[in-house]
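Below is one structure; the comments refer to it alone.
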2 protein chains.
Amino acid sequence: MPTYKTRAQFVADDLRRRILGGEFKGGTQLRQDALAKDYEVSRIPVREALLALESEGLVEFHAHRGAFTTELSVAKIRELFELRILLETYVLKRAIPELSDADLQHAENLLRQYDAALDSGGQIDNWSDYNFAFHQALYAPAGLPETMSLISQLNTKSDRYIRMQLLYTQEIEKAEREHHDLLELARQGDIDRACALLEQHIAEACEGIVTVLEKRSQDLQEA
Amino acid sequence: MPTYKTRAQFVADDLRRRILGGEFKGGTQLRQDALAKDYEVSRIPVREALLALESEGLVEFHAHRGAFTTELSVAKIRELFELRILLETYVLKRAIPELSDADLQHAENLLRQYDAALDSGGQIDNWSDYNFAFHQALYAPAGLPETMSLISQLNTKSDRYIRMQLLYTQEIEKAEREHHDLLELARQGDIDRACALLEQHIAEACEGIVTVLEKRSQDLQEA
DNA sequence: CCATCGTAGTTTGTATACAATGTGCAATAC
DNA sequence: GTATTGCACATTGTATACAAACTACGATGG
């Protein structure tokens, strides 16, 4: 918890937002000089920001050639989502027996805010944040911070594609219903069915993304 | 695969080696100026190296206060090793059906080099590298690069403690025998027993480390 | 005597300037 | 006409210099 935010962190946060928002197509070079001008800082904090994003898997550095935004293949996306299933069902299983009333209340509050935001016109921009916050609320009581960190990583990497899917399909309501069901199963302490639902929840999101990607690459070939 | 090595990468590699080698006790501050003098470079590449190590979990940055080497609690070590069991048995299960004769030969060659190095006086320094290379040889055929990357991360984080354990106990020969058994089970395609052995292999290493750590902290309290 | 504030000194964070490397185009040779 | 070489330019990587923030210690007030 840095009490103060350095310029490098500020640039990193904003660049992450822009990349995840889809502003740059995969493989585009991020010129340090241009970004430095954009943010009215020198290239040093920009470099540091890019290095931070590299460690998150959002950009790749090639020595003396610069930073390029990464693009995931369908195979890697499937792999990421398989990992998410493995890790997230693992923590959920550990978390459910530890869930306190306060934890459940907290998760429910998140869902309510969420529903409210949906009704007042879909704010897709920060849907990902809400989404992860809800999952985190269910997972955190397991008391496995390292695991949570890995899950967070995986979510960041796949975030771009989740947003893309949400733009093309109307999956938010479905995900939302599943979230309510998941919370209910967690409340009942039904570990097996909760994990099964979670697995399905993630797997279907994956398939949705792959479908969109393959459709889009077909469109590109036709054009 | 950078064709050329920048100074930042060189410093990062050497610092990683030093940290994992136990040169710095947990929580010590790494002063950029001192390191810059050490390596006869400016502070810029040193900063970048420290940032890289931060993303690997070996150091922590506090804004305007600098970088400190991290120290893992027993709870976090247990968590890391649980994650290793989860992920490594997962890839092993996927890898075994894909293992070609060449893959098995490669793994066996690594074991031989390893045995030879052991006989000619224990080279603990690069034991970790050999160790990971062997495991990687068994896992790689699964064709799951993202998963391998996570496993590699977890190994890096726990590496220091593995070395420490090896210094205090004579576990290398035992690990080595288990490696031979693991290879044999993989060759036979016995997924269940191979995964069970792997799980035991990792879990026992974890217990060994925890034992050493708790003994050491007792010694410190007495002193 | 303890707490709080201010100041000096140290260390980090960032800007500017320079060096090193990669890229692309043009000129030349075949 | 094509391939190769060399040079100019653009971009990254690093050094130096400066600004900002934290720490520690002592002075001042309660």
Side-chain angles (χ1 to χ4, degrees), chain A residues 1-20 23-71 156, chain B residues 1-20 23-71 156:
Chain A
M1 57 209 139
T3 61
Y4 210 81
K5 214 177 196 178
T6 68
R7 289 163 206 239
Q9 287 171 316
F10 178 83
V11 173
D13 289 345
D14 195 68
L15 259 183
R16 185 185 304 106
R17 187 188 56 74
R18 289 170 73 184
I19 293 174
L20 293 180
E23 184 168 333
F24 310 99
K25 295 303 157 200
T28 60
Q29 183 172 9
L30 299 174
R31 294 237 163 64
Q32 301 174 2
D33 214 4
L35 291 173
K37 266 203 204 168
D38 259 24
Y39 291 105
E40 296 181 330
V41 297
S42 83
R43 273 172 43 227
I44 301 283
V46 171
R47 278 183 66 79
E48 293 195 0
L50 289 172
L51 284 169
L53 296 182
E54 183 192 29
S55 77
E56 296 173 20
L58 297 182
V59 306
E60 267 183 9
F61 260 83
H62 300 272
H64 294 118
R65 291 188 45 222
F68 300 79
T69 58
T70 55
E71 185 157 43
T156 300
Chain B
M1 58 212 133
T3 60
Y4 209 81
K5 213 175 196 177
T6 69
R7 290 166 206 242
Q9 287 170 317
F10 178 83
V11 173
D13 288 344
D14 196 67
L15 259 184
R16 184 185 305 106
R17 187 187 56 73
R18 289 170 73 183
I19 293 174
L20 293 180
E23 183 166 333
F24 310 99
K25 297 301 156 201
T28 60
Q29 184 172 9
L30 298 175
R31 294 237 163 67
Q32 300 174 3
D33 215 3
L35 292 173
K37 266 202 204 169
D38 259 23
Y39 290 105
E40 296 182 330
V41 297
S42 83
R43 272 174 43 227
I44 301 284
V46 170
R47 276 184 67 79
E48 293 193 359
L50 289 172
L51 283 169
L53 297 181
E54 183 191 29
S55 77
E56 296 172 19
L58 297 183
V59 306
E60 266 183 9
F61 260 78
H62 300 272
H64 294 119
R65 292 189 43 224
F68 300 78
T69 58
T70 56
E71 185 156 42
T156 300

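When reading the values below, keep in mind they use all heavy atoms of this one structure, side chains included, and skip hydrogens, waters and symmetry mates. Per chain, numbering begins at 1; letters A, B, ... match sequence-line order.
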Round to the nearest Å and state the distance from [X] atom [atom1] to [N] atom [atom2].
| X | N | atom1 | atom2 | answer |
| --- | --- | --- | --- | --- |
| B/R7 | C/dA20 | CZ | P | 8 Å |
| A/H62 | D/dG13 | NE2 | P | 11 Å |
| A/K37 | D/dT11 | NZ | P | 11 Å |
| B/D33 | C/dT14 | CG | C1' | 16 Å |
| A/Q32 | D/dG13 | CD | C1' | 8 Å |
| B/F68 | C/dT11 | CZ | P | 12 Å |
| B/L51 | D/dG13 | CG | P | 14 Å |
| A/H64 | D/dC9 | NE2 | P | 21 Å |

Along DNA chain C (nearest heavy atom to each residue), the more 5'-positioned of A/R65 and B/F61: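 Final value for this comparison: B/F61.
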Check this one for me: any side-chain N or O of [X] less than 4.0 Å away from OP1 or OP2 of [N]?
| X | N | answer |
| --- | --- | --- |
| A/R31 | D/dT11 | yes |
| B/R43 | C/dT11 | no |
| A/Q9 | C/dG13 | no |
| A/Q29 | D/dT11 | no |
| B/S42 | D/dT14 | no |
| A/R47 | D/dG13 | yes |

If you find the nucleotide of DNA chain D closest to A/I44 and the one closest to A/L30, which residue's nucleotide is nearer the 5' end?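 Here A/L30 is the residue nearer the 5' end.
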I'd like to know if the side chain of B/Q29 reaches the main chain of B/R65, judged simply by a donor and an acceptor atom lying under 3.5 Å from each other, with no hydrogens or angles considered.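 Yes; judged by distance alone, with no hydrogens or angles, the pair exists.
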Using a 3.5 Å distance criterion without hydrogens, assess whether the side chain of A/T69 forms a donor-acceptor pair with backbone atoms of A/V59.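 No.
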Please report the closest heavy-atom contact between B/K5 and B/Q9, naming both atoms and the distance. CA-OE1, 3.5 Å
Identify the heavy atoms of A/A49 and A/V11 that sit nearest to each other, and give their distance.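 It is CB-CG1, 3.7 Å.
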Side chains of B/L15 and B/F24: does their closest heavy-atom pair fall under 4.5 Å? yes
